[in-house]
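Okay, so here's the structure we're looking at.
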Amino acid sequence: QVQLVESGGGLVQAGASLRLSCAASGFPFSQFAMGWFRQAPGKEREFIAAIKWSGDSTKYADSVKDRFTISKDNAGNMVYLQMNALKPEDTSVYYCGADRQRRRSWTPTDHRSFHSWGQGTQVTVSS
């Protein structure tokens, strides 16, 4: 079955960088878009970044544009989120999700387009 395992979170100071990883298995990874979302306690799941199945298109939330970069390694079944210039408001649990549709022609950003969320990885940014 589909399995996603996030890692790489931690406690950092404002301005630092982290790279989150998501290991995928159980499905033809190269044919599905992937997304990163975050969810703080009491808040809805928030779109952060997504990458098209082919890897040639990405989308970002305005709040992280120019600071975060999503990438996809189809050979290794991995998706990454490089996070630079972290801010205290980036503190959250980060999740990766797999697109529900194979080879979607556009890059989805709605969390309802994704499924099989991992357990999440905590990112805490201190000021």
Side-chain angles (χ1 to χ4, degrees):
Q1 76 256 25
V2 177
Q3 186 174 19
L4 302 174
V5 179
E6 302 95 338
S7 62
L11 171 63
V12 297
Q13 291 190 328
S17 297
L18 279 175
R19 188 173 86 148
L20 304 185
S21 300
C22 173
S25 61
F27 67 106
F29 178 80
S30 65
Q31 299 186 38
F32 288 84
M34 297 295 294
W36 284 98
F37 290 74
R38 65 190 181 192
Q39 187 168 19
K43 294 190 176 182
E44 292 188 356
R45 190 156 294 189
E46 176 190 9
F47 167 74
I48 297 301
I51 186 165
K52 192 177 176 182
W53 65 272
S54 53
D56 59 356
S57 175
T58 56
K59 289 190 177 178
Y60 297 91
D62 288 344
S63 60
V64 306
K65 201 172 293 184
D66 298 327
R67 297 190 298 124
F68 291 10
T69 303
I70 187 172
S71 59
K72 191 172 186 270
D73 175 4
N74 281 336
N77 285 15
M78 298 289 295
V79 61
Y80 303 99
L81 185 69
Q82 177 66 42
M83 306 188 297
N84 298 330
L86 282 161
K87 303 176 181 180
E89 51 263 44
D90 294 319
T91 295
S92 191
V93 179
Y94 285 70
Y95 299 89
C96 68
D99 192 356
R100 295 181 182 274
Q101 182 175 325
R102 184 189 299 249
R103 294 197 173 193
R104 194 188 298 264
S105 59
W106 42 275
T107 308
T109 61
D110 189 322
H111 69 88
R112 293 169 293 183
S113 297
F114 295 85
H115 71 116
S116 299
W117 305 98
Q119 82 292 345
T121 186
Q122 175 71 46
V123 172
T124 303
V125 184
S126 63
S127 57

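Judged by distance alone, the side chain of Gln119 and the main-chain N or O of Glu6 form a donor-acceptor pair under 3.5 Å. Of the possible polar contacts, none joining the Gln1 side chain to the Gly26 backbone as a donor-acceptor pair under 3.5 Å is found. Side-chain atoms of Ser92 come within 3.5 Å of backbone atoms of Ala40 as a donor-acceptor pair (strictly under, hydrogens ignored).
Residue Ala50 comes nearest to Pro108 through the heavy atom pair CB-O, 3.2 Å, listed as atom of the first residue, atom of the second, then distance. The minimum heavy-atom distance linking Ala24 with Leu4 is given by the pair CB-CD2, 3.5 Å.
In terms of hydrophobic clustering, with Ile, Leu, Val, Met, Phe, Trp and Tyr side chains grouped at heavy-atom distances under 4.5 Å, Tyr80 and Val12 are assigned to different clusters. Phe37 and Ile51 fall into different hydrophobic clusters, where Ile, Leu, Val, Met, Phe, Trp and Tyr side chains are chained together by heavy-atom contacts under 4.5 Å.
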Atom pairs and distances, donor-acceptor, side-chain atoms in residues 41-48, under 3.5 Å, two or more places apart:
unit_1 : atom_1 : unit_2 : atom_2 : d
Arg45  : NE     : Gln39  : OE1    : 3.1
Arg45  : NH2    : Gln39  : OE1    : 3.0
Glu46  : OE1    : Arg38  : NE     : 2.9

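Val79 has its side chain within reach of Ile70: a pair of non-hydrogen atoms, C-beta onward, lies under 4.5 Å apart. At least one side-chain heavy atom of Phe68 sits less than 4.5 Å from a side-chain heavy atom of Leu86. Side-chain contact between Phe114 and Tyr95: absent, with no pair of heavy atoms (C-beta onward) separated by less than 4.5 Å. Between Phe29 and Met34 there is a side-chain heavy-atom pair separated by less than 4.5 Å. Val123 is listed as a side-chain neighbour of Met83, based on a closest heavy-atom distance under 4.5 Å. Ser63 is not listed as a side-chain neighbour of Lys87, based on a closest heavy-atom distance of 4.5 Å or more.
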Give the C-alpha distance, both sets of side-chain angles, the deciding distance and a yes or no for side chain to side chain contact (heavy atoms under 4.5 Å, CB included) between Tyr60 and Arg67. CA-CA 10 Å; Tyr60 297 91; Arg67 297 190 298 124; over 6 Å; no

Could you go through the side chain to side chain contact (heavy atoms under 4.5 Å, CB included) check for Ser126 and Gln13 one step at a time? CA-CA 5 Å; Ser126 63; Gln13 291 190 328; 3.7 Å; yes

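Atom-to-atom distance recorded for Thr107:OG1 and Asp56:CG is 7.5 Å, nearest 0.5 angstrom. Annotation: the span from Met78 atom CE to Cys22 atom SG amounts to 7.0 Å, rounded to 0.5 Å. Considering CG of Leu20 and CD of Gln82, their distance stands at 9.0 Å, rounded to 0.5 Å.
Each of Lys52, Gln31, Arg104 was evaluated against Asp99; a single residue qualifies, Arg104, per the side chain to side chain contact (heavy atoms under 4.5 Å, CB included) test.
Comment: Lys65 engages Asp62 in a salt bridge, judged by a side-chain N to carboxylate O separation of less than 4.0 angstrom.
Sorted by first and then second residue, the salt bridge (charged side-chain N to carboxylate O under 4.0 Å, His left out) pairs involving residues 107-127 (not counting sequence neighbours) are Asp110-Arg112.
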